[in-house]
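Everything numeric here is computed off the predicted structure, so don't read it as measured data. Starting from 1, each residue takes its place in the sequence as its number.
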Amino acid sequence: MSSENLLTFDSEHLSWQWNIAQIQAQNITDNVVELMLIKLKKLPENTQKILRLAACIGAEFNLDTLSIVCDQPPETGFQDLLTAIQVGLIQPLSELNENLLIQEYKFLYDRVQQASYKLIDESHKKVVHLQIGRNILGKTLPERLSDRLFEIVDHLNHGIELVADQPERNEIARLNLIAGQKAKAAIAYSMAQKYLATARVWLAASSWQTNYDLTLELYLETTEVAYLCGDFEQVEHWAAIVLQSAKTIFDIVKVYEVKIQTNIAQNQPLEAINTGLQVLQQLGISFPETPTQSDIQLELDAIASLFSEKQIKDLIHLPEMTEPDKLAAMRILSRITITAWIAAPDLMVLLVSKQVSLSFEHGNSFASSFAYANFGLILCGKVEDIETGYEFGQLALRQLSQPKSHSLRARTSLIVNTFIIHWKDHLRDTLQPLLEVYQSWLETGDLEFAAYGARSYCFNSYVVGNELVEVEREMAAYNEALGQIKQETALTWNQTFHQAIANLMGYSVNPTRLVGKFYNEENGLPQHEAANDGTAIFDVYFNKLFLCYLFSEYAQAVENSIIAERYLIRITGTPIAPFYYLYDALTRLVTYPESSAQAQEKIFEKIAVSQDKIKQWAHYAPMNHLHKYHLVQSETARVLGQLLEAEEFYEQAILGAKDNEYLQEEALAYELAAKHYLARGREKIAQTYMKEAHYCYERWGASAKVKDLESRYPQLFPQSSGMASTQIRITAGTNSNTSHIAFDLATVMKASLAISSKIELDQLLSSLMQILIENAGAQNGCLLLENSGEWAIEAACELNDGEQVCATQVLQSIPTTNYLPESIINYVIRTHECVILNDATREGNFINESYIQHNQTQSILCLPLLNQSKLVGVLYLENQLASGAFTPERVSFPAGGCANGDMRSELFKTSQNANKQNTS
């Protein structure tokens, strides 16, 4: 209105003036875009034209692109843009360059761009975009094409109906194909689908005859992207077109690979294998339908004879494989190898042997590293030649440094770290490489092996003794991811163990049945049997064996072990095998005393075989297996009445499990030793060992097992005398869930010694608070006691800045108001749960507490003090400078009891004395 002189400023009277009748006569629209259009149409024609083209480019644009689009010098375009800058429609984003030109611009508002774009006649927009695309393509150097590819293709695709020349249409189709491949590489699968679909429209109906190579590549990409999007019906649709139209067997290998991956993703391993075998037959390679042991031994002997010609480490220097039929065979063989291991393990040996022999005879291919890794798997797991198998695993890893091996890096690393490394190195060493296998799918798109990597990582994290709370959290996250990428096979395997972990944590009605939130054995087992997924079946019965043994359902444990044994071949070479042999042996030894003489003889025969295996494994990897061997030996000696030998083996098993951080097996060794001493009538010793077991299970997070011990052995956990490790409910700052910790024994013992050496109550409380501050990493601390229904601070301690000296106040009955976070104190008093906050200002349920907001408190620990389930006090500690000060590691302790009594019972006495002193 100002530009039209409808609104003016009277400088003499310092006021605005307008004529409302004139303004209403202008018929001004309420639509912002229409207003912008009116403003734009008043600009010079050259400025309007350049803004129209800029609007086609986007909200931001640069002068060079605009010059290409307008087919005019940058200087001319710059002059036209100056007018738009002056009227406030566009804004420069860069400074003047050496040519006194501004390169980067943006429309000041989205509505300005919309209005500029609306200046183009609707029927003319396609022409404009097509011309822009042609101009940019024509002026872009080949080496810069990738940088501007999406921009060019997006413009060209607007003119799909305007281009009649088929060679140009073919070229635009090729550009869309490249754009689709680029989007696929960036994991933008939906975008890739869009570009590939557009590419097919650009092609002629007869393109299979007139432009075969481009059409074949386009349809192969379309098939693969459909798989990556989880659109399995579309995979079959596009694959059928390729199979019908392709000219040679080599042209369809890729589509068969995708079909195999699709079968695997849908947990159809037998269909995947059959698909692969059909292609291999066309390549002149066939295998017996049902391989016999003689077939397998013949292949292994043939490979062994090749070793005599070359050392394993020299295989990396083999020439490069070049024959197309052999390369195609290696592709298909590598695709179905792991699937065969799942559903047809005898066939898997033949498949791997063929890949190794092809590499020996025709040179290394991109898939040879994977073949060598799988042969190492067979040698370690089936042949039990661990040394040679490990050497093949190392060869496979070295082979990954060779050219053209990148696409199989994840597969090779998965095999080596799942099936080979653990036979000589600590199982914990596989965790980081397996994480990298999962993450590699971002680069390679290999969803199948990314899923296997996630599954192996979760399983290994579980069995090495990591805390169940963290394992369960990670497993839930990975299972969600596996569901999203539609990898049902690996997801099913993981869900079985997820449910077992949930059972251990106390989240199921019956801890020995895999029925709950994550898995249901009643529904799952029939599905596994229908799919011939022996790995899934084994996983179910192994977990039931383990849980039944742990919760003392020994007869059922034996039945589960017998069924699991039928599927042992399906887990050849995996880390789960030693765990099976351990729990099978322990289960049978429990049943030994009640068995008949004939049954006892069979039990020992079976255990002798198991122990021979575990002993051999312990020779190569004592850190993983020696404590397992000692644990079985201890139970064997026990049932034979060799009591002293049993006790020695228990100690060795405990020490080995502890030194190598197998927390759950340390717990089990303590528990079995406790049962042994209890049976001998040595209750004091039994109590010590059982409390250690209780503490280890508690640290592990197996709440159901902790409760099981307490209910089975109440005489060993008398509440009145205090337990070495008392379970405390905690509300953690990182989430709203609860977990279990125990307080620091070093602090408790020191406190107890202080208590016993002090006579005066004020000295006792002062010394106690200083010890707690010193050990827990706190700056301030308070002990709250109840007196006549009111809670007050009876002891306070503050660590002076820059000094290692505490200032204490005792027996002054200070009210908590404004002195402590009352919402936390009241929560602990009400629930008897402990609160730990790692960063109180940002995490947890108390961030709005005024005390926390005012003091910006970082770490908080608030602990209920109970005596015979009665709340007798509250301990409050805080650190205002450091976050995460009160970690579970810092506030946990080993069992064993205090030399001078339990802290809680002492605090109970202290509270009684304090109350008496306050009322006297």
Check: Is any side-chain N of the basic residue among Lys705 and Glu698 closer than 4.0 Å to the acidic one's carboxylate O?
Finding: no
Check: Quick one: is the NZ or CZ of Lys675 closer than 6.0 Å to the six-membered ring centre of Tyr689, and within 45° of its axis?
Finding: no
Check: Between Asn855 and Thr857, is any side-chain donor less than 3.5 angstrom from a side-chain acceptor?
Finding: no
Margin query: Would you say the ring centers of His498 and Tyr519 fall short of 6.0 Å from each other?
Written below: no
Next item on the list: Please list, chain by chain and in numerical order, all residues satisfying side-chain contact (heavy atoms from CB on, under 4.5 Å) with Glu488, sequence neighbours excluded.
Entry: Asn267
Notebook entry, point to check: Asn624 and Tyr662: side-chain donor and acceptor closer than 3.5 Å?
Noted result: yes
Item checked: Short side-chain to backbone donor-acceptor contact, Gln853 and Ile847, under 3.5 Å -> yes
Note to self: So, using side-chain contact (heavy atoms from CB on, under 4.5 Å) as the criterion, who are the partners of Ala188 when residues are at least two apart?
What the structure shows: Ala183, Met191
Check: Any side-chain donor-acceptor pair under 3.5 Å between Asn543 and Thr496?
Finding: no
Margin query: So that I know where these two stand, are Tyr478 and Tyr457 an aromatic pair - ring centroids less than 6.0 Å apart?
Written below: yes
Notebook entry, point to check: Should Glu467 and Arg699 count as an ion pair when the cut-off is N to O under 4.0 Å?
Noted result: no
Note to self: Measuring only between side-chain heavy atoms, which start at C-beta, is Glu798 closer than 4.5 Å to Gln779?
What the structure shows: no
Check: Would a distance-only check, ignoring hydrogens and angles, find a side-chain to backbone donor-acceptor pair under 3.5 Å from Gln499 to Lys517?
Finding: yes
Next item on the list: Could you go through the side-chain hydrogen bond (donor to acceptor under 3.5 Å, both in side chains) check for Ser508 and Asn503 one step at a time?
Entry: CA-CA 5 Å; Ser508 63; Asn503 287 17; 3.1 Å; yes
Next item on the list: Among Asn417, Thr418, Thr430, find the residue that satisfies the side-chain hydrogen bond (donor to acceptor under 3.5 Å, both in side chains) test when tested with Asn460.
Entry: Thr430
Check: Can you find a pair of side-chain heavy atoms, one from Leu414 and one from Ser456, that are under 4.5 Å apart?
Finding: yes
Check: So do Ile576 and Val463 actually touch side chain to side chain, heavy atoms under 4.5 Å?
Finding: no
Item checked: Donor on one side chain, acceptor on other, Glu683 and Tyr677, under 3.5 Å -> no
Item checked: Atom CG of Asn520 with >12 non-hydrogen neighbours under 6.0 angstrom -> yes
Check: Taking 4.0 angstrom as the limit, do Lys544 and Asp539 come out as a salt bridge?
Finding: no
Checklist line | Flag side-chain contact, heavy atom, 4.5 Å: Glu786 against Ile829 | finding: no
Item checked: Flag side-chain contact, heavy atom, 4.5 Å: Asn879 against Ile860 -> no
Margin query: Checking the side chain of Glu521 only, and the main-chain atoms of Leu514 only, is there a donor and an acceptor separated by less than 3.5 Å?
Written below: yes
Notebook entry, point to check: Measuring from Leu663:CG to Asn466:CG, what's the distance to the nearest 0.5 Å?
Noted result: 9.5 Å
Next item on the list: Please round to the nearest 0.5 Å and tell me the distance separating atom CG of Leu871 and atom NE2 of His832.
Entry: 4.5 Å
Notebook entry, point to check: With sequence neighbours excluded, what pairs up with Arg712 under the salt bridge (charged side-chain N to carboxylate O under 4.0 Å, His left out) test?
Noted result: Asp708
Notebook entry, point to check: Can you tell me how far the CG atom of Leu784 sits from the CH2 atom of Trp791, to the nearest 0.5 Å?
Noted result: 7.5 Å
Checklist line | Reported CG-to-CG distance for the pair Leu863 and Leu783, which is rounded to 0.5 angstrom | finding: 10.5 Å
Next item on the list: Applying salt bridge (charged side-chain N to carboxylate O under 4.0 Å, His left out), name anything that partners Glu470, two or more places apart in sequence or on another chain.
Entry: Arg473
Margin query: Quick one, Leu550 and Leu504 - any side-chain contact, counting heavy atoms below 4.5 Å?
Written below: yes
Note to self: For the residue pair Tyr851 / Glu878, report whether a side-chain donor-acceptor contact shorter than 3.5 Å exists.
What the structure shows: yes
Margin query: Does any part of the side chain of His676, heavy atoms only, come nearer than 4.5 Å to the side chain of Tyr650, both counted from C-beta?
Written below: yes
Check: How about Tyr438 and Tyr452: are their ring centroids closer than 6.0 Å?
Finding: no
Check: Would you call Tyr549 and Leu668 a side-chain contact if the rule is heavy atoms closer than 4.5 Å?
Finding: yes
Note to self: I'd like to check the side-chain contact (heavy atoms from CB on, under 4.5 Å) partners of Ser823; sequence neighbours left out, ordered by chain and number.
What the structure shows: Phe846, Glu849
Notebook entry, point to check: Hey, is CZ on Phe579 packed in by over 12 heavy atoms from elsewhere, all under 6.0 Å?
Noted result: yes
Checklist line | Donor on one side chain, acceptor on other, Gln858 and Gln856, under 3.5 Å | finding: no
Note to self: Under a plain distance cut-off of 3.5 Å, with no hydrogens placed, do Tyr713 and Gln687 share a side-chain donor-acceptor pair?
What the structure shows: no
Item checked: Asp429: side-chain contact (heavy atoms from CB on, under 4.5 Å) partners, not counting sequence neighbours -> Asp425, His426
